[in-house]
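Notes to accompany the following structure.
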Amino acid sequence: MKDIWRVFRYLKYYPGNIVANLAFNTLAVLFNMFTFIMIVPFIELLFGTSQPAEALPPFAFEQEYFSLWLTYNLAQYKGLYGLWPCLVAISTGYLAFSFLSNLCRYMAQFFISPMRNGITMRLRNDIYHHITILPVSYFTSQRKGDLISRMSNDIADIEWGVLTSVISLGKDPINILLFAAALIFISPRLFLYFLLIMPLAVWLIGLIGNSLRRNSAKGQNKLGQLFAQLEESIAGIRTIISFGQEQRRSTLFAKTNDDYARTMIRVAQRRELSSPLSEILLTLGLVFILILGGMAVLKGQLLSSVFILFIILFARLIPPVQSMVRVYNNLQKANAAAGRVFEVMDADETIYEKKNALVLTGFQKEITYQKVSFAYQHEGQPHPTYVLRDIDLVIPKGKTIAIVGPSGAGKTTLVDLLPRFYDCTAGQILIDGIPLPDLNINSLRAQIGLVSQNCILFNDTVANNIAFGRTDFTIEQVRQAARVAHADEFIQQMPEGYSTNIGDRGLTLSGGQRQRLSIARAVLKDPPILILDEATSALDTESEQAVQQALEYLMQGRTSIVIAHRLSTICHADEIIVMDSGHIAERGTHQHLLSLNGLYKKLIDMQSFAE
């Protein structure tokens with residue numbers, strides 16, 4: 001249960017609500033108890049089951065004294081005013097206590113509402129924030145659908161568990177304690193008989209709860225797999241249809257769905273077992289009380305009206321006990337969901353920022369890679385897989401450096417180290433002589449603009465996509481950035497111009513249009529360092545020409561690192577770095593590399609032959 005208790009730590013933000021809820025719940029239980037106590041004088045008045053005392057004995061805090069006090073004063077009031085005024089007074093008292101009990105119960109719910117909704121709101125915010133600061137490497141080993149399931153279904157289970165438990169824990173323990181105290185005060189012996197069956201009840205309920213937790217964890221994992229398959233199918237629907245795999249994917253989904261349904265059936269069956277089981281055990285206790293209490297009444301050890309009150313109060317004890325059993329089971333299910341949520345929140349950030357890190361206000365001189373190596377550590381593998389080894393590279397300010405090489409050579413990884421999407425396994429990268437870990441991460445990334453092959457656009461307006469990450473912009477600045485990116489013309493033809501919503505991932509646009517919006521975003525950001533990761537490789541010839549013109553304008557006066565698939569686009573780079581198997585195989589200008597007749601010449605010849 002340690003994971004769900006971490007959720008309850010969020011209660012620290014609501015101390016006033018907790019105090020008010022407990023206070024009103026206590027008053028509600030007390031007033032509710034008094035409504036049942038009013039039954040005793042009602043029975044005494046109508047049936048006269050006991051003779052009133054001629055005089056009150058000395059005060060004593062025990063049941064016998066209060067019974068004598070009640071019958072004595074009731075007899076005095078009846079003698080003065082008659083039967084009907086007594087009935088009216090008792091009925092009025094009953095109504096008053098009932099009204100006050102329900103009013104206090106409403107006020108308790110009024111103060112608890114911000115708590116039960118605020119806890120899950122803060123939890124969602126925290127997990128979303130943590131996801132946004134996790135390194136890119138974390139997401140390479142996770143399925144997006146499973147992460148979405150954790151943020152939606154798992155938090156919904158936590159919300160339900162917290163909602164029911166916060167309501168119940170605010171009132172049911174108070175109910176149990178005060179009603180139990182009243183029962184002990186009326187007859188300690190009868191209450192002791194009831195306690196004899198409690199160890200058996202706790203043991204059985206504990207068994208059910210443990211089974212619930214295990215099966216709930218399995219169910220949540222199965223649901224995560226369902227969401228992962230759904231996300232993959234939606235993202236790859238064109239591929240599924242083109243390869244005729246609709247039936248196979250449907251069969252795979254149905255199998256996972258069936259496994260999930262079977263698991264949740266077991267969860268439901270065990271959860272529903274706890275309530276009748278607890279009621280049977282409590283009823284067993286009630287039977288003992290009826291037998292033993294009845295004998296006490298017959299022997300004159302207990303007033304019949306007081307015994308009836310004991311039975312009524314005991315019956316009122318059953319619902320909060322059952323409610324606490326349900327809370328326990330709901331918390332077991334929520335604990336399984338909380339474990340999956342906190343698994344994400346406890347994931348190591350790995351990209352750490354030093355305390356009092358330097359704020360990078362600009363780029364003045366050069367970027368330096370010194371003996372940089374990088375490796376992935378996969379689960380189950382004893383040794384890391386190196387992608388880069390001993391890279392030495394200097395990129396002066398204002399120069400254009402092109403990085404080329406076959407697939408898997410480490411080109412993208414090399415540039416991903418600069419904005420600290422990953423950190424070096426060995427060696428270091430410096431900007432103006434300052435190691436990257438010594439710099440404030442946000443200020444570092446503010447100096448870098450990225451345009452990649454897979455441009456990411458959001459379900460928002462054109463203007464907001466271009467201005468992504470900025471709040472201090474005008475629509476004229478957005479338009480100017482679009483003109484530079486050769487995007488203004490097609491934007492003006494859209495139904496609402498710059499206010500047009502481009503849909504999920506911008507799929508209402510062509511590939512060239514999406515890429516030009518991505519370039520316009522980089523233009524508006526106006527960074528001194530620019531990374532172009534195969535920005536034109538997925539475009540047709542016409543779109544590539546328009547995008548290439550926009551890129552050339554964007555690169556003017558900036559330090560540019562260009563990963564190129566089409567080598568004809570980087571002939572004029574100041575230096576070309578040829579990567580092969582994580583090493584720098586060759587370096588130099590276009591003409592120099594051709595004269596070496598090495599890997600670069602081979603890549604040029606292969607591409608020329610393909611064209």
Side-chain angles (χ1 to χ4, degrees), residues 133-140 349-354 357-376 386-405 409-456 469 518 521-522 525-535 551 554-555 557-564 570 573-579 582-584 587:
I133 63 175
L134 285 172
V136 176
S137 58
Y138 176 81
F139 300 97
T140 59
E349 296 176 29
T350 70
I351 306 298
Y352 294 107
E353 181 179 275
K354 284 189 176 181
L358 299 173
V359 175
L360 187 64
T361 57
F363 174 48
Q364 305 299 328
K365 187 178 178 184
E366 64 186 15
I367 301 167
T368 307
Y369 285 69
Q370 292 182 349
K371 299 293 181 183
V372 170
S373 297
F374 179 78
Y376 292 105
Y386 275 87
V387 182
L388 298 173
R389 282 187 181 273
D390 300 323
I391 301 296
D392 285 306
L393 178 64
V394 177
I395 304 172
K397 180 182 179 180
K399 298 295 184 180
T400 296
I401 304 298
I403 301 174
V404 301
K411 304 184 295 296
T412 298
T413 303
L414 181 68
V415 298
D416 281 348
L417 295 174
L418 184 56
R420 294 192 71 190
F421 293 158
Y422 309 94
D423 270 342
C424 305
T425 303
Q428 63 177 348
I429 302 174
L430 304 93
I431 291 185
D432 294 339
I434 305 172
L436 296 189
D438 293 345
L439 295 171
N440 175 276
I441 293 177
N442 289 335
S443 70
L444 166 65
R445 292 172 180 168
Q447 307 301 316
I448 301 171
L450 173 64
V451 180
S452 65
Q453 173 184 352
N454 300 316
C455 56
I456 302 300
S518 184
R521 179 189 292 168
K525 185 178 181 180
D526 194 25
I529 301 170
L530 186 63
I531 297 175
L532 304 178
D533 187 356
E534 300 195 17
L551 289 175
L554 177 62
M555 292 164 61
R558 290 183 172 85
T559 304
S560 302
I561 305 172
V562 182
I563 298 176
I570 49 91
D574 295 297
E575 185 177 20
I576 300 172
I577 307 297
V578 184
M579 302 284 298
H583 297 276
I584 296 179
R587 63 201 308 168

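In this text, all values refer to a predicted model and were calculated from it rather than measured experimentally.
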For the residue pair Pro396 and Val394, what are the closest heavy atoms and their distance?
-> CD-O, 3.5 Å
Output yes when a side-chain donor or acceptor of Asp574 lies under 3.5 Å from a complementary backbone atom of Thr400, and no otherwise.
-> yes
Any chance you could measure Leu450, atom CG, to Ser518, atom OG, to the nearest 0.5 Å?
-> 7.5 Å
Using side-chain contact (heavy atoms from CB on, under 4.5 Å) as the criterion, point out the one residue from Val451, Ile563, Ile561 that pairs with Leu532.
-> Val451
Is there side-chain contact between Leu436 and Leu444, with at least one heavy-atom pair below 4.5 Å?
-> yes
Judged by atom type as modelled, is there a donor-acceptor pair below 3.5 Å linking the side chain of Ser443 to the main-chain atoms of Asn440?
-> yes
Ser373 side chain to Thr425 backbone, donor-acceptor under 3.5 Å = no
Compile the donor-acceptor pairs under 3.5 Å between side chains in residues 360-369 and protein atoms, sequence neighbours left out, one pair per line.
{"residue": "Tyr369", "atom": "OH", "partner": "Leu414", "partner atom": "O", "Å": "2.9"}

Any salt bridge between Lys371 and Asp390, counting N to O under 4.0 Å?
-> no
For Asp423 and Leu417, run side-chain contact (heavy atoms from CB on, under 4.5 Å): C-alpha distance rounded to whole Å, both residues' side-chain angles, the deciding distance at 0.1 Å, then the answer.
-> CA-CA 6 Å; Asp423 270 342; Leu417 295 174; 6.0 Å; no
Does any non-hydrogen side-chain atom of Gln428 lie less than 4.5 Å from one of Pro435?
-> yes
Carefully, step by step, assess Tyr386 and Phe374 under the rule side-chain contact (heavy atoms from CB on, under 4.5 Å).
-> CA-CA 6 Å; Tyr386 275 87; Phe374 179 78; over 6 Å; no
Evaluate side-chain contact (heavy atoms from CB on, under 4.5 Å) for Met579 paired with Ile403, printing each intermediate quantity in order.
-> CA-CA 7 Å; Met579 302 284 298; Ile403 301 174; 3.7 Å; yes
Audit row: Ile577, Val404, side-chain contact (heavy atoms from CB on, under 4.5 Å) steps and yes/no = CA-CA 6 Å; Ile577 307 297; Val404 301; over 6 Å; no
Kindly indicate whether the side chain of Leu418, heavy atoms from C-beta on, has any atom under 4.5 Å from the side chain of Ile431.
-> yes
Lys399: side chain to side chain donor-acceptor pair (under 3.5 Å) partners, not counting sequence neighbours = none
Between Cys424 and Gly427 the two heavy atoms that sit nearest each other are CB-O, 4.0 Å
Is it true that a side-chain atom of Arg558 and a backbone atom of Pro527 form a donor plus acceptor pair closer than 3.5 Å?
-> yes
Side-chain donor/acceptor of Arg445 to backbone N/O of Pro419, under 3.5 Å | yes
Answer yes when Lys397 and Asp432 have at least one side-chain N-carboxylate O distance shorter than 4.0 Å, and no when they do not.
-> no
Heavy-atom check, side chain of Arg420 versus side chain of Leu439, under 4.5 Å = no
Kindly determine whether Asp533 and Lys411 satisfy salt bridge (charged side-chain N to carboxylate O under 4.0 Å, His left out), including the steps that lead there.
-> CA-CA 9 Å; Asp533 187 356; Lys411 304 184 295 296; over 6 Å; no
